[in-house]
Amino acid sequence: MTLELVGVDAGYGRTQVLRDVNLASEPEGVVAVLGHNGAGKTTLVRTAVGLLRPTRGQVLWDGEDITSLAPHKRVARGLAYVPQGQQSFGQLTTTENLQLVADRARPRARRAALVDAAMERFPALTAVATRKAGLLSGGQRQQLAIARALITEPKLLVLDEPTEGIQPSVVAEIEAAVTDLASSGTAVLLVEQHVGFALAAAARYAVLASGRVVSTGAGGREAHAGVREALTI
Ligand SMILES: Nc1ncnc2c1ncn2[C@@H]1O[C@H](COP(=O)(O)OP(=O)(O)OP(=O)(O)O)[C@@H](O)[C@H]1O
């Protein structure tokens, strides 16, 4: 499954942010979206997941036009989104946060297995399974947010700056989980400020500047120079 933005313009009211954006996820692996603050990365992912309607262009899911499809229907098709900011239900425990999403899964008998599988991806969560999410560290809450998205068994996981504001020791755990996910068949669209990690993980990258894609290419170490140059635009 690939998600594709074709000639997309989008913005807020009269403020146009995205300009003629063309970008596709890979059927497997990571596509990294890079760019400075305010470049339009969050606007791009919000448009991709259906929280913002493009003013021009199309969003395709495996070739099908889903531009007008509601976000929750996109989730049902296999598109999951983890927004910036480690959001969770603070009064619920770690496990309850996961169960809340699993409770929608069918058949009922699978629900516990989904929670267990999501926990297994993030061993740090097991230790805080009964703690209220509001009392978790930023890194734990970020892991919980990703684990919650995984309960929907996405084909494509859209992550908006998963390492932002997270202490370095936990960043490595999040990076490892994202890399592991991508290599086990879940495609990832990754917005990331941390260029080193993004390029190491990415099969492909796109650099956004002032709402336009100004550079794209294959990921990996050799992409650094091209990305650095594009980021100076
Ligand atoms: N709700 C909104 N209403 C009006 N303008 C907005 C809104 N959200 C973002 N913008 C503007 O759109 C532009 C792009 O913002 P966006 O959040 O997409 O960038 P970003 O690349 O994700 O930046 P960051 O790394 O800071 O999150 C910015 O100029 C921002 O001020």
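One-based numbering, in listed order, for ligands and for the atoms of each.
Taking only non-hydrogen atoms, the option from Glu192, Lys41, Gln84, Glu164 nearest to atom 27 (O) of ligand 1 is Gln84. Closest heavy-atom approach to atom 22 (O) of ligand 1 among the candidates Thr42, Leu52, Thr47, Leu208: Thr42. Closest heavy-atom approach to atom 24 (P) of ligand 1 within the set Gly40, Ala10, Gly38: this belongs to Gly38.
Linking Ile, Leu, Val, Met, Phe, Trp and Tyr whenever their side-chain heavy atoms come within less than 4.5 Å leaves Val21 and Leu60 in two separate clusters. Cluster membership check: Leu5 shares its hydrophobic cluster with Val191, using side-chain heavy-atom separations under 4.5 Å among Ile, Leu, Val, Met, Phe, Trp and Tyr.
Looking from atom 15 (O) of ligand 1 to the surrounding protein, the closest heavy atom is Thr43 OG1, 3.8 Å. With hydrogens left out, the protein atom closest to atom 9 (C) of ligand 1 is Tyr12 CE1, 3.5 Å, a heavy atom. Remark: minimum distance from atom 26 (O) of ligand 1 to any protein heavy atom is reached at Asn37 OD1, 3.5 Å.
Contact annotation for His36 and ligand 1: only backbone heavy atoms (N, CA, C, O) come within less than 4.0 Å of the ligand. In Val17, the part holding a heavy atom less than 4.0 Å from any atom of ligand 1 is the side chain.
Against a heavy-atom cut-off of under 4.0 Å, Glu161 is close to the following atoms of ligand 1: 25 (O). Atoms of ligand 1 lying under 4.0 Å from any heavy atom of Gln193, numbered from 1 in the order shown and given with element: 25 (O).
Shown here, atom 31 (O) of ligand 1 is out of close reach of the protein: none of its heavy atoms lies under 4.0 Å off.
One finds the CD atom of Gln99 at 10.5 Å from the CZ atom of Arg111 (value rounded to the nearest 0.5 Å). With rounding to the nearest 0.5 Å, the separation of NE2 in His194 from CG in Leu199 is 9.5 Å.
Proximity of Leu3 to Arg74: side-chain heavy atoms (C-beta onward) are nowhere separated by under 4.5 Å. Phe197 has its side chain within reach of Val178: a pair of non-hydrogen atoms, C-beta onward, lies under 4.5 Å apart. Counting heavy atoms from C-beta on, the side chains of Met119 and Thr94 come closer than 4.5 Å.
Polar contact check, Leu44 against ligand 1: no nitrogen or oxygen pair lies under 3.5 Å apart.
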- [ ] Decide yes or no on side-chain hydrogen bond (donor to acceptor under 3.5 Å, both in side chains) for Thr163 and Glu192, but give the supporting numbers first.
- [x] CA-CA 7 Å; Thr163 65; Glu192 189 52 71; 2.6 Å; yes
